[in-house]
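Notes follow once the structure below has been shown.
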Amino acid sequence: MNAEVIIVGGGIIGCAAAYNLAKEGVSVLVLEGSDNIGNGGSTRNGGGVRQSGRDPRELPLIMYAIRNIWPKLSDMLETNVEYYQQGNLRLGRTPEHKKILEGLTDRASACGLDVRMISGDEARRINPYLSDAVTCASWCPTDGHANPLMATMGYYKMARRLGAHFISGEKVIELRKIKGRARQVVTASGNIYEGDTIILAAGYESRFIASTVGIDVPMQPVLLETLVTEAAAPMFWQMLGTADADFYGHQTEHGSFVFGLNSGLEPFAKPGRPVSSSGAASAACRGIMQYFPSLADIKVVRSWAGWMDACADHVPVISPVDEVPGLILACGFTGHGFGISPAVGMVLSELAMGKTPSVDLSALRYDRF
């Protein structure tokens, strides 16, 4: 099967790109290596749609997405993505935490973001469930959160409705050039697909796939874990984080709390799809209770783990590749991909169609390495 654009990876980035291309009448084929769409980080994340705490190189994408796409995404996709724009509190308890938060806030403010430092008392006026241990916070009122599973599935279903083709369980193992241009995608089943443009959006697997045409994106796998609680009565709608990034999360529309963490247990993780650890969940819960003691008796009902494609300089590669015409990279999102995915899907479609991207991507080019 051939298409004008072949997308390798059926996560939210690939699905969003497919939607934007199909909407413009471009023929699209998406190849997903696992049996399920969104089987990687797209459905294994904390759901943050935040601008605060980001590298300035990513800010243009997330600011564009929050201004122009997220507020209307549920209507666009005819799926409730459970988007709430009720702000982001990044919390601190120590003088060192305050220094970290001040640095993040100053850099973001310099880029035009509405974010400021507030005292612990101001933070408790915004969220009265915070403990007295919180002495400071950064506050960005335009941040929020959404449901990763619903957003990914929304993009997937609408892309299909618009004519995009998806094949799951079709693991890509090689890219091939014809007359110097990336044109063919080879899968483990022996199938060969051909397209005018190939978008590589397969998370950490992108590193191995790109290497088959001599390209290396410096990434490493980092283990992220997430836990979900039983449902509780609505308490607060802000997105939450901490200066040390020891946990992040929010309360969902369903009433459950979703919290994510980086356990640091990569050397001991199960190969392939990792499993979450009781030790990491317990440590996260102890940390969460220091900030939210009222959650102490809420039960954790499940947890899961997944690999993050951590790029060497902590921001993604969203870029054509001069050495391999026809190849566009979209990988190395370093756990920051969900919030920017609507804007990334848009700019990837623009790159594939030969248009100037609506957001400046110069700081995210592959050749920065």
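Owing to the predicted nature of the structure, the values given are computational and were not obtained by experimental measurement. The first residue in the sequence is number 1, and the count goes up from there.
- Using a 4.0 Å cut-off between a side-chain N of Lys or Arg and a carboxylate O of Asp or Glu, Lys157 and Glu78 do not qualify as a salt bridge.
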**Study point:** Evaluation steps, side-chain contact (heavy atoms from CB on, under 4.5 Å), between Lys98 and Met117
**Key:** CA-CA 9 Å; Lys98 186 176 181 180; Met117 289 294 297; 4.2 Å; yes
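- Contact annotation: the side chain of Glu170 approaches that of Ser189 to within less than 4.5 Å [non-hydrogen atoms, C-beta and beyond].
- Closest of all the heavy-atom pairs between Ile199 and Val5 is CD1-CG1, 3.9 Å.
- Of the residues Leu261, Asp246, Leu295, the one that meets the side-chain contact (heavy atoms from CB on, under 4.5 Å) test with Ile288 is Leu295.
- Annotation: side chain of Ile192 is in contact with side chain of Arg176 (closest heavy-atom distance under 4.5 Å).
- For CZ of Arg57, the number of neighbouring non-hydrogen atoms (other residues, nucleotides, ligands) closer than 6.0 Å is greater than 12.
- Here the side chains of Leu104 and Arg90 are in contact, with some heavy-atom distance below 4.5 Å.
- Here the straight-line distance linking atom CZ of Arg107 with atom CZ of Arg54 works out to 14.5 Å at 0.5 Å rounding.
- Using a 4.5 Å heavy-atom cutoff, the side chains of Glu122 and Ile126 are not in contact.
- Across all their heavy atoms, Arg365 and Asp322 have their closest contact at NH2-OD2, 3.3 Å.
- Contact check for Met308 versus Asn262: no side-chain heavy atoms found under the 4.5 Å cut-off.
- Taking the side chain as every heavy atom from C-beta outward, Ile7 and Leu21 approach each other to under 4.5 Å.
- For the 3.5 Å distance criterion, the side chains of Ser362 and Asp360 qualify, holding a donor opposite an acceptor.
- Under 3.5 Å, the side chains of Gln290 and Ser131 contain no donor-acceptor pair of N or O atoms.
- No more than 12 heavy atoms of other residues, nucleotides or ligands shown are found within 6.0 angstrom of CZ on Arg302.
- In terms of modelled atom types and a separation under 3.5 Å, the side chain of Arg368 and the main chain of Asp313 share no donor-acceptor contact.
- Between Trp307 and Glu266, some side-chain heavy-atom pair lies under the 4.5 Å cut-off.
- The closest donor-acceptor contact from the side chain of Glu174 to the backbone of Thr212 lies at 3.5 Å or more, if one exists at all.
- More than 12 heavy atoms of other residues, nucleotides or ligands shown are found within 6.0 angstrom of CG on Asp367.
- For the pair Val217 and Ser206, the minimum side-chain heavy-atom distance is 4.5 Å or more.
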**Study point:** Stepwise ring-ring contact (aromatic ring centres under 6.0 Å, His included) test for Phe292 and Phe236
**Key:** CA-CA 11 Å; Phe292 294 96; Phe236 50 84; 5.2 Å; yes
